[in-house]
Amino acid sequence: MKTALIVYSSNTGNTEKVAQAIRLGLEEAGLQVTVKKPETAGAVDYFDYDLVCVGSPSIQWHPTTKMDDFLKAKLDEHRKKGKIKPSAPKVSGKNALVFVTYSGPHTGLSEATPAGKYMTQFFEHLGFNIMDEWYILSEFRGNLENNTKGRMGDIRGKPSAKDLVKIKQDATALVAKI
Ligand SMILES: Cc1cc2nc3c(=O)[nH]c(=O)nc-3n(C[C@H](O)[C@H](O)[C@H](O)COP(=O)(O)O)c2cc1C
């Protein structure tokens, strides 16, 4: 049975919803899925999984500090094991998916992509195949102005139930490419 690890950080619940939708989609495709937050994922070894998914909100166009600390600690660990090599040769059968929830109130998607691109590097350096980066427009909880007057328009209630169904379907479809 193929396996997946999902590590996600979430302050107000948006990224958690997306992580759970991904979990459901991967399980539907027959994967055995482990879901963790960075705080409890210290002992994981990425190389134990066929697919590693990491998700975070964009916070000032970065991942959360908890996610950043986790990614850096894991990279250090792998560096010590000699897994970071010049030219980052691809490791067969190891895949990563990065997902970012964002509200884009000021500059739109541009204030989320740096977080996603940044997170991919922690896997590309290890030779993982980056399957995709998903950017999910999400409500800015507790801030009416950012929810209604921002670059992305009225984003209240996002990700919607429909958005989450689509994410689940996309996750199921992803498994065929592993
Ligand atoms: C302090 C703070 C900073 C934020 N910075 C950004 C940002 O740089 N870019 C962006 O698109 N959204 C930004 N957001 C919005 C969040 O990324 C968005 O609402 C996200 O879905 C929250 O995810 P969560 O509910 O999983 O915590 C920010 C929100 C907060 C509270």
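All heavy atoms count here, side chains included; hydrogens, waters and symmetry mates do not. Ligands are counted one by one from 1 in listed order, and the atoms in each one are counted from 1 as well.
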Distance under 6.0 Å and angle within 45° of ring axis: K72 vs F122: no

Kindly confirm or rule out an N or O of [X] lying under 3.5 angstrom from an N or O of ligand 1.
| X | value |
| --- | --- |
| T15 | yes |
| G104 | yes |
| I59 | no |
| E16 | no |
| S58 | yes |

Give me the nearest non-hydrogen protein atom to [atom] as residue plus atom name, then the distance to 0.1 Å.
| atom | answer |
| --- | --- |
| atom 12 (N) of ligand 1 | S103 N, 3.3 Å |
| atom 25 (O) of ligand 1 | T12 OG1, 2.4 Å |
| atom 29 (C) of ligand 1 | F140 CZ, 3.3 Å |

List every atom of ligand 1 that sits less than 4.0 Å from any heavy atom of [X], numbering the atoms from 1 in the order shown and giving each element.
| X | result |
| --- | --- |
| G13 | 24 (P), 25 (O), 26 (O) |
| E111 | 7 (C), 8 (O), 9 (N), 10 (C), 11 (O) |
| Q60 | 3 (C), 4 (C), 5 (N), 6 (C), 7 (C), 8 (O) |
| N14 | 19 (O), 20 (C), 21 (O), 22 (C), 23 (O), 24 (P), 25 (O), 26 (O) |
| S138 | 21 (O) |
| N11 | 24 (P), 26 (O), 27 (O) |
| W61 | 7 (C), 8 (O) |
| T101 | 17 (O), 20 (C), 21 (O), 22 (C), 23 (O) |

Do the side chains of D163 and K166 get close enough for a salt bridge, i.e. N-O under 4.0 angstrom?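 No, this pair does not count.
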
So does K81 pair up with D45, basic N to acidic O under 4.0 Å? yes

Aromatic ring proximity, centroids under 6.0 angstrom, Y102 and F140: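 Not under 6.0 Å, so no.
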
Centroid separation under 6.0 Å, is that true for the rings of F123 and Y46? yes

Do any heavy atoms of K17 fall under 4.0 Å from ligand 1?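 The answer is no, since K17 has no heavy atom less than 4.0 Å from ligand 1.
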
Is it possible for you to say whether L109 and I155 belong to one hydrophobic cluster, with membership spreading through side-chain heavy-atom contacts below 4.5 Å?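 Yes.
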
Path from L174 to I130 over hydrophobic side-chain contacts below 4.5 Å: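 L174 does not cluster with I130.
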
Pick from P57, G142, S56: the one approaching atom 22 (C) of ligand 1 most closely through a non-hydrogen atom: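 When every heavy atom of P57, G142, S56 is considered, P57 comes closest to atom 22 (C) of ligand 1.
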
Main-chain N/O of [Y] paired with [X] side-chain donor or acceptor, under 3.5 Å:
| X | Y | result |
| --- | --- | --- |
| E124 | T120 | no |
| T15 | S10 | no |
| N95 | D50 | yes |

With side chain to side chain contact (heavy atoms under 4.5 Å, CB included) as the test, pick out the partner of V98 among Q121, K117, M119.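 By the side chain to side chain contact (heavy atoms under 4.5 Å, CB included) criterion, V98 pairs with just one of Q121, K117, M119: M119.
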
Do we see a donor-acceptor contact under 3.5 Å between the side chains of S9 and S56? no

Which part of E139 is near ligand 1, with near meaning a heavy atom under 4.0 Å away: side chain, backbone, both or neither?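 Within the 4.0 Å criterion, E139 contacts ligand 1 through backbone atoms alone.
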
